[in-house]
Amino acid sequence: MDRSRVKDLLAAEAPRDAVLVQGWVRTKRDAKGFSFIEINDGSTVKGVQVIADASLPNYDTEIHHLRTGAAVEVTGELVASRGGGQSFEIVAKSVLVHGNAGEDFPLQKKGHSLEFLRSIAHLRPRANLFGCVFRVRSRLAYAIHRFFQERGFVHVHTPIITASDCEGAGEMFRVTTLDGAALAAGKDAEDFFGKPTYLTVSGQLEGETFACALSNIYTFGPTFRAENSNTSRHAAEFWMIEPEMAFCDLEGDMDLAETMIKHLVADALENCADDLEFFGRFVDKELRARLEFVRDRPFERVSYTEAVEILRASGRPFEFPVEYGHNLQSEHERYLTEERFQCPVTVYNYPKEIKPFYMRQNDDDKTVAAMDLLVPGIGEIVGGSQREERLDRLAGNLARHGLGEAEYGWYLDLRRHGSVPHAGFGLGFERLLMFVTGVANIRDVIPFPRVPGWAEF
RNA sequence: UCGCCCGUGGGGUAACAGUAGCCCACCGGAUUGUUAAUCCGCGAAGCCUUGGUGCGAAUCCAAGCGGGCGAGCCA
């Protein structure tokens, strides 16, 4: 007999003589002469109700002792439910107990704190919330590939071990086979690669090389930052999507970012309805309305200079003063996106002093063609720019940032041979997930999060 | 890294410096087509670590370890 997914059984339109379900017991309620067993197999947040009669041969020995968390396999008849909570249920002909759960199974039939669930990351996928989160994570990863593939973008696997540091996008994890003494003695030439290497903090520079050949490309892979960041929206290991487009300026870059966010939100609304409904009930009551708003309404777009003026004119007593030439603080970003505009906002053309060397200088000589896409509740979800394609300017920027031209020779080469205007951005996958699910901590949208002081499992 | 807050059975919480209580889970019993089932049970299970103050510390002080929130860095 073929296995049926719980999701399909719950959507059934007619009874069926024989079905097989395999899954884990969420709860068991004993009645006189039989038991109700709710089984979840991860296909959806809901479970299917099984009626296990006391006449089953293993009722007294096994079924009666089933606890939350047990793994079972049930065959039986799918019938219209006599109870209220569901349209169909299974009357069991057999209940095979693969493995009961211990008396100390930590997940209860109630809401647990997210902190506790993090400490049992190996079991939390069986909690409703995490089932929902990781189904959405899977769906959005798929939707991202579809989004780009359907638009002719080529998926490029940029290296995870790298010797270039992408201009200090963050502190890097050293990758080495040297022992502590050799490392301390600086014997880099004896290291595995003959020089210091690190885990990537961005695939952008390598991505540019492929954009300057295949036109439109994207990367989607793990990224590592050794920053000692202890916040709800930073992790040491996270996934990033980095599209790069040749023959594209900042305008096109911002258009793509906005189109992509809208597309992904729409995809989740359409394909993860049950999971989003769960988040709406237990995480954020306003979630669905906000996602529909993001899908349907245009984003705001303001220059950095305009943003500064808006913040100044707000009369808000910000903790950090609003000053041209300074980075926008979290409180400033929050004001723009949560209060002033109440929708996602793209801020563009930042002062060149606060942005990296590879961003294209604007004609005003003061700003670079950078953009950040800010969303309510999270802040920056996308950061990108048009890249400096003029050799002399780029070389000058490298020098000004104190970066060796030799190390970036291959990057400068792109400007020597067939240089084109090009642009791209980075999207934090986990931040997107936080935005779509309403989950407030990045540690709860990563299967096994890595943050300072925590690399368990 | 900085600031604020918090560490009590397996989970969630309460207790003025003087007998550690409640809810959930677990165990045992009863009821019931149940829905995070209900009822009964003097059934089992606990004060982060170290040091200090006090006759007496879960409670006050200090340090350490762990956690949460906010900030910085960013995605």
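Labels below follow one simple rule: chain letters A, B, ... track the order of the sequence lines, proteins then strands, and each chain is numbered from 1.
With centres under 5.5 Å and a plane angle under 30° as the test, the ring of Phe429(A) is not stacked against the base of A75(B).
For the residue pair Ser385(A) and Tyr348(A), no side-chain donor N or O sits within less than 3.5 Å of a side-chain acceptor on the partner.
Cation-pi geometry between Arg151(A) and Phe147(A) is met: the NZ or CZ atom falls under 6.0 Å from the ring centre, inside 45° of the normal. By the 6.0 Å and 45° rule, Lys366(A) does not stack over the aromatic ring of Tyr350(A).
A search for side-chain hydrogen bond (donor to acceptor under 3.5 Å, both in side chains) contacts involving Gln49(A) returns Arg29(A), Glu89(A), not counting sequence neighbours. For Pro15(A), the side chain to side chain contact (heavy atoms under 4.5 Å, CB included) partners two or more places apart in sequence, or in a different chain, are Phe88(A). Judged as a side-chain hydrogen bond (donor to acceptor under 3.5 Å, both in side chains), and not counting sequence neighbours, the contacts of Arg135(A) are Asp275(A). Annotation: side chain to side chain contact (heavy atoms under 4.5 Å, CB included) contacts of Glu338(A) (sequence neighbours excluded): Arg334(A), Pro376(A). Arg312(A) is linked by a side-chain hydrogen bond (donor to acceptor under 3.5 Å, both in side chains) to nothing, counting only residues two or more places apart in sequence or in another chain. With sequence neighbours left out, the side-chain hydrogen bond (donor to acceptor under 3.5 Å, both in side chains) criterion links Arg16(A) to no other residue. Applying the side chain to side chain contact (heavy atoms under 4.5 Å, CB included) rule to Ser314(A) yields the partners Arg316(A), Phe318(A), Tyr335(A); only residues at least two apart in sequence or on another chain are considered.
Nearest-nucleotide positions on RNA chain B place Glu38(A) closer to the 5' end than the other of Thr231(A) and Glu38(A).
Contact check on Glu258(A) versus Arg301(A) returns a salt bridge, with a Lys/Arg side-chain nitrogen under 4.0 Å from an Asp/Glu carboxylate oxygen.
Classification of the Tyr218(A)-Phe148(A) ring pair by plane angle, with boundaries at 30° and 60°, yields parallel.
Side-chain proximity of Ser232(A) to G70(B), C73(B), C74(B): nearest is G70(B). Comparing U1(B), C74(B), G67(B) by their closest approach to the side chain of Trp454(A) singles out G67(B). Taking every side-chain heavy atom of Asn230(A) into account, A71(B) is the closest of A71(B), A75(B), G68(B).
Distances shorter than 4.0 Å separate none of the side-chain N or O atoms of Gln329(A) from OP1 or OP2 on A71(B). Applying the 4.0 Å criterion to OP1 and OP2 of C74(B), one finds that Ser229(A) has every side-chain N and O outside that range.
The separation between Glu171(A) atom CD and G72(B) atom C1' is 13 Å, rounded to whole Å. Straight-line distance from the CG atom of Asn327(A) to the P atom of A75(B): 11 Å, rounded to whole Å. Rounded to an integer number of Å, the gap from Ile381(A) CD1 to C74(B) P is 17 Å. Rounded to whole angstrom, the span from the CZ atom of Phe116(A) across to the C1' atom of G68(B) amounts to 16 Å.
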Report, as a single string ordered 5' to 3', how protein heavy atoms within less than 4.0 Å touch nucleotides 23-34 of chain B: B base, S sugar-phosphate only, - not at all. -BSSS---SBBB
Pair assignment for RNA chain B - dot-bracket with | for other-strand partners, Watson-Crick or G-U under 3.5 Å: (((((((..((((....[..)))).((((((.....))))).)....(((((..]....))))))))))))....
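For C6(B) and G12(B), the C1' atoms lie 15 Å apart once the distance is rounded to whole Å.
Taking every heavy atom of residues 430-448 of chain A and every atom of RNA chain B, pairs under 4.0 Å involve Arg431(A), Asn441(A), Ile442(A), Arg443(A), by number. Heavy-atom distances under 4.0 Å link RNA chain B to no residue of residues 135-143 of chain A.
Note on Thr27(A): only backbone sugar-phosphate atoms sit closer than 4.0 angstrom, heavy atoms only; bases stay farther off. Nucleic acid contact class of Arg118(A) (heavy atoms, under 4.0 Å, all strands): sugar-phosphate only. Heavy atoms of Gly453(A) sit nowhere under 4.0 angstrom from any nucleic acid atom.
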Donor-acceptor contacts, no H, no angles, side chain residues 450-457 of chain A, under 3.5 Å, sequence neighbours left out:
| unit_1 | atom_1 | unit_2 | atom_2 | d |
| --- | --- | --- | --- | --- |
| Arg450(A) | NH1 | Phe448(A) | O | 3.4 |
| Arg450(A) | NH1 | Glu456(A) | O | 2.9 |
| Arg450(A) | NH2 | Phe457(A) | O | 2.7 |

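The shortest side-chain heavy-atom distance between Val136(A) and Val436(A) falls under the 4.5 Å cut-off.
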